[in-house]
Enquirer: 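Dropping a structure here in structure tokens format, bear with me for questions.
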Number of protein chains: 2
Amino acid sequence: MKPIKKIRLSDSVINAIKKKVAENNFKPGDKFYSENELSKLLEVSRSSIREAIRILEATGYVTVRQGKGIFIADFDSQKFEPFVNWLKSNEQHILDHFEVRLIIEPKAAALAAEKADAEDIRKMEEALAQFDLFAERKDNTEIIKWDRKFHRWLAGSTKNSTLHVLMKSVTTSLPDGWISSLHTPGRIEKTTHEHRVILEAIKNRDKNSAEKAMARHLENALSDIRSHMGTLS
Amino acid sequence: MKPIKKIRLSDSVINAIKKKVAENNFKPGDKFYSENELSKLLEVSRSSIREAIRILEATGYVTVRQGKGIFIADFDSQKFEPFVNWLKSNEQHILDHFEVRLIIEPKAAALAAEKADAEDIRKMEEALAQFDLFAERKDNTEIIKWDRKFHRWLAGSTKNSTLHVLMKSVTTSLPDGWISSLHTPGRIEKTTHEHRVILEAIKNRDKNSAEKAMARHLENALSDIRSHMGTLS
DNA sequence: CGAAAACACTTGTCTGACAAGTAGACAAGT
DNA sequence: ACTTGTCTACTTGTCAGACAAGTGTTTTCG
């Protein structure tokens with residue numbers, strides 16, 4: 001009959017804001033226009049702007065902090081911040097950390113086997129090559145760096161951004177126990193081989209093998225860490 | 001030491017309004033206080049009242065019609081209008097989110113079955129009871145809150161602090177008021193039952209059943225969301 | 001009696017003002 | 001050189017008051 005419906009100004013403002021975000025290429029985490037700027041830009045009062053912002057905030061589109069401004073919401077990395085802080089200040093819970101990785105990473109490897117593209121595989125190959133290079137030179141700092149990159153790129157190739165951010169969080173803090181485990185005889189060589197097996201399974205799109213290879217890799221690392229910790233206590 | 005968080009007045013107003021609704025036994029469809037009445041009752045300016053109302057409207061708690069007033073939402077309108085838009089614009093994030101939870105939570109449930117003590121089980125029982133209570137009252141915000149608590153306490157009862165903190169981050173990674181699954185028709189009733197199955201498995205120390213029950217729970221939620229999304233494309 | 005006008009009440013929008021939190025510049029003091 | 005405090009400018013948070021625009025009831029008048 002009559003498709004006319006009265007539109008509230010704040011609703012129009014919402015659409016205008018989303019349009020601005022798309023046009024000007026605002027990304028998650030970016031600072032957005034201030035309320036006064038928006039008021040001038042869209043030629044509506046600050047009240048209506050604020051009501052629109054409240055709605056966008058309630059639906060998780062933006063976050064607002066007094067004195068600072070309006071920010072495009074960052075779905076993942078912002079929310080995992082407390083988790084990262086906790087990891088850093090609780091490195092003694094290394095066994096707990098590993099238990100969590102044992103839950104997540106094998107499944108991540110399976111997903112990677114499903115979805116990794118040529119570029120992902122190229123990056124993982126590079127990480128492995130660098131790892132081997134510095135393994136020969138016994139440069140532990142670089143070794144750890146490229147080990148981390150391998151695990152992160154694997155997570156990235158799942159094409160699941162939440163999982164990627166999560167894995168980045170888990171791998172940011174590599175406790176002493178992890179580092180010292182590299183000193184156990186043969187661990188580096190074993191890691192080289194285990195990584196290779198994982199990547200080959202991914203390249204073959206073999207989900208099951210990838211999952212199992214990753215599980216084995218972590219279990220082996222864990223048991224080396226355990227025995228290494230045992231020698232200290 | 002830490003919980004110094006600045007509370008916005010409109011957020012307090014939201015709680016006050018919900019309290020009034022419960023105390024004075026407002027039912028769906030009822031006309032609520034007018035903005036001016038609320039302003040006098042709660043002793044805050046009309047601006048703050050309006051911002052609170054916008055949020056309650058966006059989360060489907062009330063509907064507002066110019067010239068007539070504010071009405072407690074009836075649940076048909078509560079489910080569809082605002083929610084589907086949000087679903088559409090965040091589809092990928094939601095799918096990613098559930099994929100991650102499907103990796104973590106079944107294993108967490110299995111661990112919980114192994115290690116939960118009497119106190120853990122008491123807490124989870126309480127969460128289920130509160131969930132049911134607010135399910136009857138159709139208070140989505142409270143329902144979501146207790147759903148979250150159930151999942152968190154389950155994670156806590158694994159006695160793995162890393163896993164616990166991780167689950168806290170994951171369950172907050174969706175904005176307040178939008179745990180998507182619960183807005184799909186019939187999901188709340190199904191959730192009540194599925195939670196019960198999970199908890200019973202944990203009480204029986206049945207790892208396998210707990211793991212499978214949790215996986216089923218998440219899969220059902222996800223598939224309800226999927227079919228709900230399908231209805232609008 | 002019946003229709004139009006007046007009125008009361010609602011939400012919608014605008015304006016201007018001040019409080020409160022934040023960040024950067026800059027100068028004073030050690 | 002470095003900390004410390006102040007000042008300033010900009011941000012969001014809150015308030016008060018006004019008028020516009022829908023809606024429903026009551027009154028008035030033809």
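The figures that follow rest on heavy atoms only: side chains count, while hydrogens, waters and symmetry mates do not. Chain letters run A, B, ... following the sequence lines, proteins first, then strands; residues in each count from 1.
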Enquirer: Can you give one letter per nucleotide of nucleotides 10-21 of chain D, 5' to 3': B if a protein heavy atom sits under 4.0 Å from the base, S if only from the sugar-phosphate, - if neither?
Expert: -BBBBBB-B--B
Enquirer: Output all residues satisfying salt bridge (Lys or Arg N to Asp or Glu O under 4.0 Å) with B/Arg152, sequence neighbours left out; order by chain, then residue number.
Expert: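 Salt bridge (Lys or Arg N to Asp or Glu O under 4.0 Å) list for B/Arg152, sorted by chain: empty.
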Enquirer: Could you tell me which residues satisfy side-chain contact (heavy atoms from CB on, under 4.5 Å) with B/Lys31, sequence neighbours excluded, listed by chain and number?
Expert: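 B/Phe71.
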Enquirer: Could you state the atom-to-atom distance from CD1 of A/Ile53 to P of C/dT13 in whole Å?
Expert: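 Going from CD1 in A/Ile53 over to P in C/dT13 covers 15 Å.
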Enquirer: Does A/Asn36 have any side-chain contact (heavy atoms from CB on, under 4.5 Å) partners at least two apart in sequence or in another chain, and if so, which?
Expert: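 Checked A/Asn36 against side-chain contact (heavy atoms from CB on, under 4.5 Å); matches are A/Ser34, A/Arg46.
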Enquirer: For B/Ala112, is there any backbone N or O sitting under 3.5 Å from a side-chain donor or acceptor partner on B/Thr158?
Expert: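 Not at all, since once roles are kept as given, no pair shorter than 3.5 Å links the two residues.
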Enquirer: Could you tell me whether B/Glu194 and B/Arg187 make a salt bridge, using a distance below 4.0 angstrom between a side-chain N and a carboxylate O?
Expert: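 Yes, this pair counts.
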Enquirer: What pattern of brackets, bars and dots sums up DNA chain C from 5' to 3', given Watson-Crick or G-U wobble pairs under 3.5 Å, [ ] for crossing pairs and | for another strand?
Expert: ||||||||||||||||||||||||||||||
Enquirer: Short question: side chain of A/Asp96, backbone of B/Ser161 - any donor-acceptor pair under 3.5 Å?
Expert: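 At least one qualifying donor-acceptor pair exists.
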Enquirer: Using residues 23-30 of chain A as the side-chain source, report each donor-acceptor pair under 3.5 Å to any protein atom, sequence neighbours left out, with the distance given to one decimal.
Expert:
from    : atom 1 : to      : atom 2 : distance (Å)
A/Asn24 : ND2    : A/Tyr33 : OH     : 2.8
A/Asp30 : OD2    : A/Lys27 : N      : 2.9

Enquirer: Please report the closest heavy-atom contact between A/Val100 and B/Thr162, naming both atoms and the distance.
Expert: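 Taking A/Val100 first and B/Thr162 second, the nearest heavy atoms are CG2-CG2, 3.8 Å.
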